[in-house]
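Some notes on the structure that comes next.
Order of listing sets the numbers, starting from 1, for every ligand and every atom in it. Since the model is a prediction, treat every value here as computed from it, not as a measurement.
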Amino acid sequence: MRLPSKLEIAPGIALWPGALNAATQEELVREVFALADVSPFYRPVMPKSGKPFSVEESNFGSLGWVSTVEGYRYAKEHPLTHAPWPAIPEILLALWDAATGYRAPPECCLVNLYGEGARMGLHQDRDERALDAAVVSVSLGDDALFRIGGDTRKGATRSFPLKSGDVVTFGGPARLAFHGIDRIVYGSSRLIPQGGRLNLTLRRVTPPEA
Ligand code: SIN
Ligand code: FE2
């Protein structure tokens with residue numbers, strides 16, 4: 001896969017606007033919902049409080065990221081069906097290679113489904129041990145306002161809009177940057193049959209030499 005030129009938002013943070021063309025976006029959406037038949041979306045809850053997320057989630061790959069009252073963790077199985085997660089679609093593996101050049105493939109593709117009013121509070125992606133690999137984030141469907149800052153919750157943040165087909169990476173000095181989705185513009189795209197936004201986040205979890 002060849003990517004168009006990227007915008008350096010800040011050290012370690014890159015944006016490829018329109019990295020995936022319309023046909024590739026449609027193909028990915030089809031694949032995600034086909035895989036969701038075997039690996040259904042479910043609504044995770046926050047550690048301790050048990051408060052439900054506003055997004056629904058599923059995973060692809062050997063390790064899925066899950067959140068329960070006990071905390072965050074990587075799990076080999078879907079928490080409700082106890083089946084292994086399906087494999088990460090080829091298009092995403094090719095995208096990972098093109099965007100990161102990392103020496104090993106991603107182990108997790110977290111799938112976030114945003115319906116009307118869903119958002120994602122500021123957080124760090126820090127449950128991985130391979131912190132030398134960047135995080136790759138793909139947007140599909142409705143527009144969203146993405147926010148990203150530094151390594152502390154209180155630091156300055158900046159926000160920028162993400163559109164369907166955009167790809168963001170954060171790695172190196174920004175690998176542990178706090179980030180989230182302030183809001184989506186519900187109904188701004190017709191890509192997803194039931195409406196809303198899909199985010200696919202690719203991560204390497206374990207160091208390749210381990
Ligand atoms: C996330 O950080 O888990 C999701 C980001 C996004 O939806 O773009
Ligand atoms: Fe995240």
ring-ring contact (aromatic ring centres under 6.0 Å, His included) pairs, two or more places apart, involving residues 106-153:
His123-His179, Phe146-Phe160
Which of the protein's N, O or S atoms come within less than 2.8 Å of the Fe ion (ligand 2), not counting waters?
His123 NE2, Asp125 OD1, His179 NE2
When you look at Arg129 and Leu131, which way does the side-chain contact (heavy atoms from CB on, under 4.5 Å) test go after all the steps?
CA-CA 6 Å; Arg129 287 186 294 116; Leu131 290 176; over 6 Å; no
Could you list each N/O atom of ligand 1 together with any protein N/O atom closer than 3.5 Å, one pair per line with the distance?
residue	atom	partner	partner atom	Å
ligand 1	2 (O)	His123	NE2	3.1
ligand 1	2 (O)	His179	NE2	3.0
ligand 1	3 (O)	Asn112	ND2	3.4
ligand 1	7 (O)	Tyr114	OH	2.5
ligand 1	7 (O)	Arg197	NH1	2.8
ligand 1	8 (O)	Arg197	NH1	3.4
ligand 1	8 (O)	Arg197	NH2	2.9
ligand 1	8 (O)	Asn199	ND2	3.2

Salt bridge (charged side-chain N to carboxylate O under 4.0 Å, His left out) between Arg175 and Glu128: does it pass, once the steps are laid out?
CA-CA 11 Å; Arg175 178 59 183 74; Glu128 302 74 33; 2.8 Å; yes
Partners meeting ring-ring contact (aromatic ring centres under 6.0 Å, His included) with Trp96 (sequence neighbours left out)
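Here no residue qualifies.
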Could you check whether any side-chain heavy atom of [X] comes within less than 4.5 Å of a side-chain heavy atom of [Y], counting everything from C-beta outward?
X	Y	value
Val111	Asn199	no
Pro105	Arg204	yes
Glu107	Thr206	yes

Minimum heavy-atom separation for Arg203 and Thr201, please, with both atom names.
NE-CG2, 3.7 Å
Give the C-alpha distance, both sets of side-chain angles, the deciding distance and a yes or no for salt bridge (charged side-chain N to carboxylate O under 4.0 Å, His left out) between Asp132 and Arg103.
CA-CA 11 Å; Asp132 59 331; Arg103 64 190 182 281; 3.4 Å; yes
